[in-house]
Amino acid sequence: MGSFYESKSNKGVLYTATEEGRPYCWRDETGHRPYLYSPLKPEELRALGVSATFVREEKYYPLIDSQIEVTKVIVGDPLSVRNLREKLENYGGAREANIKYFRNFIYDTGVIPGLRHKYEDGRRIPIIEGRALEIPEEDVDDVELFEEYVKLLSSPVPEIPRVALDIEVGAPGEEVPREPEYPVIAISLVSNDGLRRTYILERPGAKEVDVDAEVRIYENEVRMITDALKDAFRYPVVLTRNGDNFDLPYLAKRLKYLGITDVPIHYRTGGQGYRADFRPVKGTRHENVPIHVDLMQFFGNEGMRGYVFGGAYDDLRLDTVAKAVIGKGKVELPTYISELDAQTLVEYNLNDAQITLELTTHNNSLVRKLLIMFARISRMGIHDIVRRGISARIDSRILREHRRRNRLFPRREDVLREKGATFTDPKIKGKKYRGAIVIDPVPGIHFNVIVLDVASLYPSVIKVRNLSYETINAPVSKDIPVKRIPETPHYVRVDRKGIMSLLIGMIRDLRVKYFKPKSKDKSLPEDERAFYDAVQSALKVLINASYGVLGFERFSLYCPPVAEATAAVGRYVISRIKAKAEELGAKVIYGDTDSIFVKDAPEEVIEALQERARKELNIDLEVDKVYRYVVFTERKKNYVGVTTDGKIVIKGMLGKKRNTPEMFKKAFAEALEELSKVHDPKEFERAKERIKEIIRTTIRRLRSGNFDVNELAIRVRLSKNPEDYDAKQPHVKVAKMLRQMGYRVRAGSIVEYVYVRGKPGAKPPFMAKPQEIDVEKYEDLLKSVFEQLIEALGMTYNEILGATSLKDFLGDLIRAKNS
DNA sequence: GCGGACTGCTTACCT
DNA sequence: ACAGGTAAGCAGTCCGCG
């Protein structure tokens, strides 16, 4: 499950699970030491005064497609690796010297995080119990590798004993305390094996607390904290929400404040990110210490938010995340924590711990399974899976695959020097290369529309075109076959399989050809299908990010021409499909990146297109959606449609954006409701009338002042801390205002404001009265929201309303004059 | 002195 | 700390205009 370097024993340490599923802590017995590689010979290194063990090794170096000789420099401790790396900087540099020791330890011992292990001859052997059935041999580049991953990923996920921990601090007001001057007044533990316990400091009503849990009352705060931690330490995993940033550091600080010197928590703040872990106190060892999993770190990850939970939560408060993931929120608080009565305090505290646990058990333990799958694929401990981004996971997987093929991992600067240049001009200033095509939509209402899309376009392109850092623009002689990349000077050698192409292609195939079909196979029992579904979601996250990381500066194998070539071939593929569709007589009315919307295309044409894509481009073209009708304006990424089964699809419209006031979102939803009833052109007339009525009613409400200001609140998420903004937009002004008033507003916070007449222009809703609202401003906003819809229906906003204000009237007049 | 065209900055969304 | 493309808002600058 994890690994680290233990300085006391000067050894690598692994946490694994035993055959029986019990946690087990294993200290290295193989003599594994920290090391790096150098292109220098041992005698040259000795001459430089390097004292270490030298081993000459032959490795394959992908950047020049040759075997090379390097020296493995084995040293005493991880710190020496860093010192040596700096020392060798001017002497040919070091290789594989930026890899943390515990990572090498994992790759080299062959341990697989997320699996149970057995012990044989001093080695840990991972227990792989998964079976590989029906491996599709055609189109899989490396059947053996494919089979290995299938077995690895289909091995059962053990149920890990774990306990959720949550604390409450008796700070006055709604301030979240940073300094340890306030007492910890309650701690709750809720486990997946039946423990439900709250530890509270003695207070009025404490003895009468009646909850579905054991309540322990303490006079002494130190005793209470120590007892709670002792109980938590019986579990191999402790779950928190925000424990890295709050619960654990606060407990540590508070214990020190109360005079305890040997504290079982180690934390780090600021700088390289914050994290907190449990540590052994005097007389105990690492095996008695649980792993800390802060779920907020996991859910805060953009990849998780977007792909697995469908962007279901907007901010990271426990309440929001819990409602989205498990459909259950927090207990409403009548007052500040410090003023709660004992009963309410315990209920609140217990509920938070309960929700934290449920985030990992809900939906057939989806989160638990995802974490384990990521751990297995990327050979990373749960510690790091939770805390680090997707690029770290892909990096770990790729490094491990280099290691086992005895390939020397190239330095980022070497890849960049050899393969750095891009040639296409981006549409957006500041970007590095040209991206996807968006086909101009044909404005109007279109009946009978089929959406075709390429299943995972970019990973398919990477696979099919053999794109990889070592195959693109490789130094080649005349007799080595290459294939050119359209719109660029790039070429790819095709006589050797590129490693990125192989690995990304395989993850794609694992998902598309194996786990996804299994997750939908009705002949399998439901829990088995749910398991395969978790596996395919984990693979999806990796697939979706695999192209992106190649264009990401901090990725270890950052390779701009590969990213550029991927996008270029993507454009080529979709353009070819579009041209072919038109050739076959279908009208292409829109398309974005990997899709085309075709109108009036009979089934034969669709089939012919799919056939052509398969034969000519080696690409799978799928029917993604069938629309009863779609409505476009000239705006891209902006449309409404109703599918044949009556589902409304809205894309990009203001009416669904998170920062549109609730009042307008509601009106917009009503208008869509009307549209969903439409089956043919005639019924549109009725819908239009109803929409007109909805808009008018909304305007009347605005003008009458008959509303709650909260209905008009605009919610914006800050990307920076307020003090870091130069801009003076309303949300920035209000953020600064709130901070002045003592609220904790920072990057990631949601700022709410309403437009008011007069000086500052915007105010937090709780400070504004309905009479102050800048009604004109909101009428403009309403217009923007509905214009996107109205224009699509072939009308103008003013026409549908009549001239409702002098400004609109004059606007119309000017437009009439100009045209 | 005021509006329009423009740019830069920002957010939210699409694939 | 995965990518680029698009829409839209606000604030500021420049320019033209009796």
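Because only heavy atoms are used, hydrogens play no part in the values below, and waters and symmetry mates are left out as well, while side chains stay in. Labels below follow one simple rule: chain letters A, B, ... track the order of the sequence lines, proteins then strands, and each chain is numbered from 1.
- Side chain of Arg757(A) to main chain of Ile773(A): a donor-acceptor pair is present (N/O by atom type, distance under 3.5 Å, no hydrogens or angles).
- Rounded to whole Å, atom P of dA1(C) lies 13 Å from atom CG of Asp395(A).
- Within 6.0 Å of NZ on Lys720(A) lie more than 12 heavy atoms contributed by other residues, nucleotides or ligands.
- Here Lys657(A) lies in heavy-atom contact (under 4.0 Å) with a base.
- Contacts of Ser595(A) with the nucleic acid, taken as non-hydrogen atoms under 4.0 Å apart, are absent.
- In terms of phosphate contacts, Thr593(A) brings no side-chain nitrogen or oxygen within less than 4.0 Å of OP1 or OP2 of dT15(B).
- Taking only side-chain nitrogens and oxygens, Lys720(A) comes nearer than 4.0 Å to OP1 or OP2 of dT10(B).
- Across all strands shown, Tyr558(A) has no heavy atoms under 4.0 Å from either base or sugar-phosphate atoms.
- Residue Tyr433(A) is in sugar-phosphate contact alone, with no base atom involved, counting any heavy-atom pair closer than 4.0 Å across all strands shown.
- With hydrogens and angles ignored, the 3.5 Å screen pairs no side-chain donor or acceptor of Tyr433(A) with any backbone N or O of Phe423(A).
- Per the geometry, CD1 belonging to Ile596(A) stands 15 Å off C1' belonging to dT15(B), to the nearest Å.
- Nucleic acid contact for Tyr725(A): sugar-phosphate only, since backbone atoms but no base atoms lie under 4.0 Å from a heavy atom of the residue.
- Residue contacts for Ser546(A): at a heavy-atom cut-off of 4.0 Å it reaches no nucleic acid atom on any strand shown.
- OP1 or OP2 of dC10(C) has at least one side-chain nitrogen or oxygen of Lys777(A) nearer than 4.0 Å.
- For the pair Arg717(A) CZ and dA12(B) C1', the interatomic distance rounds to 10 Å; values are reported in whole Å.
- Arg658(A) contributes no side-chain N or O that forms a donor-acceptor pair with the base of dA12(B) under 3.5 Å.
- Checked by atom type, the side-chain pair Thr424(A)/Glu564(A) shows a donor-acceptor distance below 3.5 Å.
- Checked options Asp594(A), Asp620(A), Ile619(A); the residue passing with Ser460(A) is Ile619(A) (criterion: side-chain contact (heavy atoms from CB on, under 4.5 Å)).
- If you check every strand for non-hydrogen atoms under 4.0 Å, Tyr755(A) touches sugar and phosphate atoms only.
- At a threshold of 4.0 angstrom between heavy atoms, the contacts of Gly548(A) include nucleobase atoms, whether or not backbone atoms are also involved.
- In this model, the phosphate group of dA11(C) is approached by a side-chain N or O of Lys733(A) to a distance below 4.0 Å at OP1 or OP2.
- Using a 4.0 Å heavy-atom cutoff across all strands shown, Ala563(A) reaches no nucleic acid atom at all.
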